[in-house]
Protein chains: 2
Amino acid sequence: MELVEARKQFVAAWGSFGSNWGINRTMAQIHALLMVTTKPLAADEIMQELTISRGNANMNIRELINWGLVERVVVSGERREFFAAEKDIWKVARIIVRERKKRELEPMMRFLESISAVEGAEADVATFEKTISDIRRFGQQADQAMETMLKADENWLLGTLLKLMR
Amino acid sequence: MELVEARKQFVAAWGSFGSNWGINRTMAQIHALLMVTTKPLAADEIMQELTISRGNANMNIRELINWGLVERVVVSGERREFFAAEKDIWKVARIIVRERKKRELEPMMRFLESISAVEGAEADVATFEKTISDIRRFGQQADQAMETMLKADENWLLGTLLKLMR
DNA sequence: TTTTTCTTTCAGAATAAATTGAAAGTTGAG
DNA sequence: CTCAACTTTCAATTTATTCTGAAAGAAAAA
């Protein structure tokens, strides 16, 4: 397969994959494009490659930088800013896990704690409290697994899961 | 906190949590509602509790049934269908892992394989092939880890069943 | 069979999310 | 300082997704 074609397909696939996981399509596409590109790209090149507007490119690049997945690169002799993606897929995975844990799991856990005790004596109260406490326990294990992953190397998943499942 | 209030908050939170992960808000809310309810609910009760239309309720219940997260329950003496959610959070997690692996990870892996070799000799070709192969390796490990989790759970289930039978 | 009760479907409406593009803002060069 | 090159912002628009509700379908009850 031709590089240009393969790259186009990869960028498109990564975009739709991302949007299944709550990540904006364009953001995932920009990230994919930068992942398979050797040299850093300027905003104009990204706009052209993905046929998106300046505003859209700017907003999504900024968001990728927020996540720590992309960084600004100074190219000597150039006025424009250039952008490059983190290419180590394990680092990428760790960044995503760390961010989503911080942004979603942790707030959810705090929330569950806040509603873990309810008043009343009906059967539904017992069901409610059991469900919430089961979810909390599950969440704590997930949290712990992620924490382990963030600290460990590339073989974390197998090791951790095996331990959890024992 | 009052049960009714806590339940309302939980359902709302679970809904917005789900929509961060590519799951339709209403679907997540229905699942949450059924998780904290002792008795199976009829479509009308779900509609009323979540103030959603009949069509919306029907479509999302069907989707939950497709996923295997909710099942129809026959209540004797009742004409209507009732619905109950799987309440074991580990089973829920296992179902979600299995389904998303099948629906997303596996197709993505097949796709990556199909574009793993490209023609050309530029530096970009090397970058492209390395990125794709790194992602594939990562995906294989994730796949393997999920497989381990799914198997461990099955063994656990089998063990429980064996115990029950003796 | 006919009626009643409940479920399913789906075109159109409503809502939410993403995108555009032009104007305003910034920054370095001359 | 002024200009030109580039970046950022954001109101308006477009696109995508979700939801509604009425009509049609199905099946038990009468």
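Just so you know, these numbers come straight off a predicted model, no measurement behind them. Side chains are part of it too, since the values below use all heavy atoms of this structure and drop only hydrogens, waters and symmetry mates. The sequence lines fix the lettering, A, B, ..., with proteins before strands; numbering per chain opens at 1.
- For T38(B) (side chain) and T127(A) (main-chain N/O), no donor-acceptor pair under 3.5 Å exists by modelled atom type.
- Of the residues in residues 24-55 of chain B, R54(B), G55(B) come within less than 4.0 Å of DNA chain C through at least one heavy atom, sorted by number.
- Note that CG of L33(A) is 12.5 Å distant from CZ of F83(A), once rounded to the nearest 0.5 Å.
- Here the side chain of D124(B) pairs no donor or acceptor atom with the backbone of T37(A) at under 3.5 angstrom.
- Between the CD1 atom in I46(A) and the CD1 atom in I61(A) there is a gap of 4.0 Å [rounded to 0.5 Å].
- Between F83(A) and N56(A), the one whose closest nucleotide on DNA chain D sits nearer the 5' end is F83(A).
- Between the CG atom of N66(B) and the P atom of dT8(C) there is a distance of 12 Å, given to the nearest Å.
- The outermost nucleotides of DNA chain D lying under 4.0 Å from heavy atoms of chain A, listed 5' to 3', are dA4(D) to dT9(D).
- In this structure a side-chain-to-backbone donor-acceptor pair under 3.5 Å is present from N60(B) to N56(B).
- What separates CE of M59(A) from P of dA18(C) is a distance of 9 Å, to the nearest Å.
- Here R80(B) lies in heavy-atom contact (under 4.0 Å) with sugar-phosphate atoms only.
- In this structure, I61(A) places its CD1 atom 14 Å from C1' of dT19(C), rounding to the nearest Å.
- Side-chain contact of Q9(A) with E5(A): a donor-acceptor pair under 3.5 Å is present, judged by distance alone.
- For the pair R100(A) and W67(A), the NZ or CZ position fails the cation-pi test of under 6.0 Å to the six-membered ring centre and within 45 degrees of the ring normal.
- Contact annotation: N58(B) side-chain N/O to dT7(C) OP1/OP2 distance is not under 4.0 Å.
- Note that CZ of F111(B) is 8.5 Å distant from OG of S16(A), once rounded to the nearest 0.5 Å.
- Per the geometry, CD1 belonging to I23(A) stands 11 Å off P belonging to dA18(C), to the nearest Å.
- Partners of E78(B) according to the salt bridge (charged side-chain N to carboxylate O under 4.0 Å, His left out) rule, which considers only residues two or more places apart in sequence or in another chain, are R80(B).
- Separating the CD atom of E81(B) from the P atom of dT5(C) is a distance of 17 Å, rounded to the nearest angstrom.
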